[in-house]
Amino acid sequence: LGEIVLDPACGTGGFLTNAIEHIRANEVHNIEDRITLQKTIKGSELKPLPHMLALTNLILHDIEVPEIVYDDALSRELTSITPKDRVDCILANPPFGGTVSDGMETNFPANYRTKESADLFLILMIQYLKDSGRAGIVLPDGSLTGDGVKQRIRQKLLEDCNLHTIVRLPNSVFQPYASVATNLLFFTKGTPTKEVWYYEHKLPEGQKA
């Protein structure tokens, strides 16, 4: 309670509502705690329908005035994110497999510019985290194995953050929306990565996610 939780690509707000329920069940005991919770859940969503559903979802979870911005989080220049904008925790499943709008990548330093939205979101989320801030995100395999700009972004993640856990998900998790292999990444900003715990989650034969 009191930590700022952000999802910069929140969709219908599923990660945020789970954070709300977790905090409420463990730490909200009075009206002051409830007010604190109201002020510390934040999100951003580009598409109109998911944005409306996210607002509705948070209202139904007792957030009276949801702080869900109707905007593309990638449209903000990276250098404009200052210490007052930084957050304690990020939970996100950013869009992957698509490309960003023309010119959007110029909001990022030249050595990290790419059209792949998932890679830009990773740089954005590292920037948004406070020192000792924590993140749990979904990323496609390509972000962990690609060359060129992907390798430079991956190097920044490993140098600026402690990527302590990777969980490889079954290929069917996001079907029929996406068929690419994906991973859960858990990291803390402020210290470099020294050791990664890796787990490959496999479904029993014939079972779908």
Side-chain angles (χ1 to χ4, degrees), residues 1-47 50-76 78 80-95 118 121-139 157 160-167 169 173 182-197 199 201:
L1 184 69
E3 291 187 327
I4 299 173
V5 180
L6 171 70
D7 185 344
C10 70
T12 59
F15 280 10
L16 294 178
T17 55
N18 274 275
I20 291 164
E21 290 304 314
H22 173 75
I23 296 169
R24 180 180 290 123
N26 291 281
E27 299 186 66
V28 175
H29 306 296
N30 52 49
I31 189 64
E32 288 78 14
D33 292 346
R34 182 171 172 266
I35 292 170
T36 299
L37 178 59
Q38 300 262 345
K39 295 178 179 178
T40 53
I41 304 295
K42 302 178 184 294
S44 180
E45 175 53 42
L46 171 63
K47 296 181 178 178
H51 176 258
M52 181 187 70
L53 293 174
L55 292 174
T56 305
N57 205 357
L58 265 65
I59 290 169
L60 291 172
H61 283 79
D62 204 28
I63 303 298
E64 294 177 3
V65 185
E67 290 193 47
I68 306 295
V69 179
Y70 176 42
D71 194 14
D72 186 346
L74 297 178
S75 65
R76 182 170 185 177
L78 203 68
S80 73
I81 299 171
T82 62
K84 67 181 179 60
D85 300 311
R86 295 203 166 101
V87 302
D88 300 284
C89 185
I90 291 177
L91 305 169
N93 177 14
F121 265 107
L122 178 55
I123 290 292
L124 181 76
M125 290 185 283
I126 294 171
Q127 183 76 0
Y128 262 118
L129 281 177
K130 297 177 179 178
D131 275 351
S132 300
R134 313 178 308 285
I137 67 173
V138 182
L139 277 187
L157 171 64
D160 291 3
C161 304
N162 176 19
L163 174 62
H164 54 79
T165 304
I166 299 175
V167 179
L169 298 175
V173 165
T182 53
N183 306 271
L184 299 177
L185 274 59
F186 299 92
F187 55 89
T188 302
K189 185 177 176 179
T191 56
T193 301
K194 293 182 179 179
E195 186 176 41
V196 180
W197 185 84
Y199 177 77
H201 177 58

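Scope of the values below: all heavy atoms of this structure, side chains included, with no hydrogens, waters or symmetry mates.
- The distance from atom CG of Leu139 to atom CG of Leu122, rounded to the nearest 0.5 Å, is 5.5 Å.
- With hydrogens and angles ignored, the 3.5 Å screen pairs a side-chain donor or acceptor of Asp7 with a backbone N or O of Ala9.
- The structure places CG of Leu124 at 9.0 Å from OG of Ser44, a figure rounded to the nearest 0.5 Å.
- Residue Phe187 comes nearest to Ile137 through the heavy atom pair CE2-CD1, 3.8 Å, listed as atom of the first residue, atom of the second, then distance.
- Checked for salt-bridge contact, Arg34 and Glu64 meet the test: a charged N lies under 4.0 Å from a carboxylate O.
- Taking every heavy atom of both residues into account, Leu58 and Gly13 meet most closely at CD1-O, 4.4 Å.
- Of the options Val28, Val5, Asp62, a side-chain contact (heavy atoms from CB on, under 4.5 Å) to Leu37 is made by Val28 and by none of the others.
- The two residues His29 and Asp33 come nearest to each other via the heavy atoms N-OD2, 2.9 Å.
- If you run side-chain contact (heavy atoms from CB on, under 4.5 Å) between Leu185 and each of Val138, Val167, Val196, Leu157, only Leu157 comes through.
- Distance check, rounded to the nearest 0.5 Å: CD1 of Ile59 to OG1 of Thr17 gives 13.0 Å.
- Note that the CD atom of Gln127 and the CD1 atom of Ile81 stand 5.0 Å from one another [nearest 0.5 Å].
- The structure places CZ of Arg86 at 12.5 Å from CG of Leu6, a figure rounded to the nearest 0.5 Å.
- In this structure, CG on Leu169 lies 10.5 Å from OH on Tyr199, to the nearest 0.5 angstrom.
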Before giving the answer on side-chain contact (heavy atoms from CB on, under 4.5 Å), spell out for Ile68 and His51 the whole-Å C-alpha distance, their side-chain angles and the decisive distance to 0.1 Å. CA-CA 7 Å; Ile68 306 295; His51 176 258; 3.6 Å; yes
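- Counting heavy atoms from C-beta on, the side chains of Thr188 and Thr191 never come closer than 4.5 Å.
- Asp72 pairs by the side-chain hydrogen bond (donor to acceptor under 3.5 Å, both in side chains) definition with nothing, not counting sequence neighbours.
- Residues that satisfy the salt bridge (charged side-chain N to carboxylate O under 4.0 Å, His left out) test with Glu27, not counting sequence neighbours, are absent from this structure.
- Across every non-hydrogen atom of Gly11 and Ala54, the tightest pair is O-CB, 3.3 Å.
- Environment of NZ in Lys47: sparse, with no more than 12 heavy atoms of neighbouring residues, nucleotides or ligands closer than 6.0 Å.
- Leu91 is not listed as a side-chain neighbour of Leu16, based on a closest heavy-atom distance of 4.5 Å or more.
- If you check the side chains of Asp85 and Thr82, you find a donor sitting under 3.5 Å from an acceptor.
- Under the salt bridge (charged side-chain N to carboxylate O under 4.0 Å, His left out) criterion, the residue pairs touching residues 37-46 are Lys42-Glu67, with sequence neighbours excluded.
- Ring planes of His164 and Phe186: parallel class, angle under 30° (limits at 30 and 60°).
- Contact detail for Lys189 and Leu129: the closest heavy-atom pair is NZ-O, 3.0 Å.
- Counting only distance, with no hydrogens or angles, the side chain of Thr193 and the backbone of Cys161 share a donor-acceptor pair below 3.5 Å.
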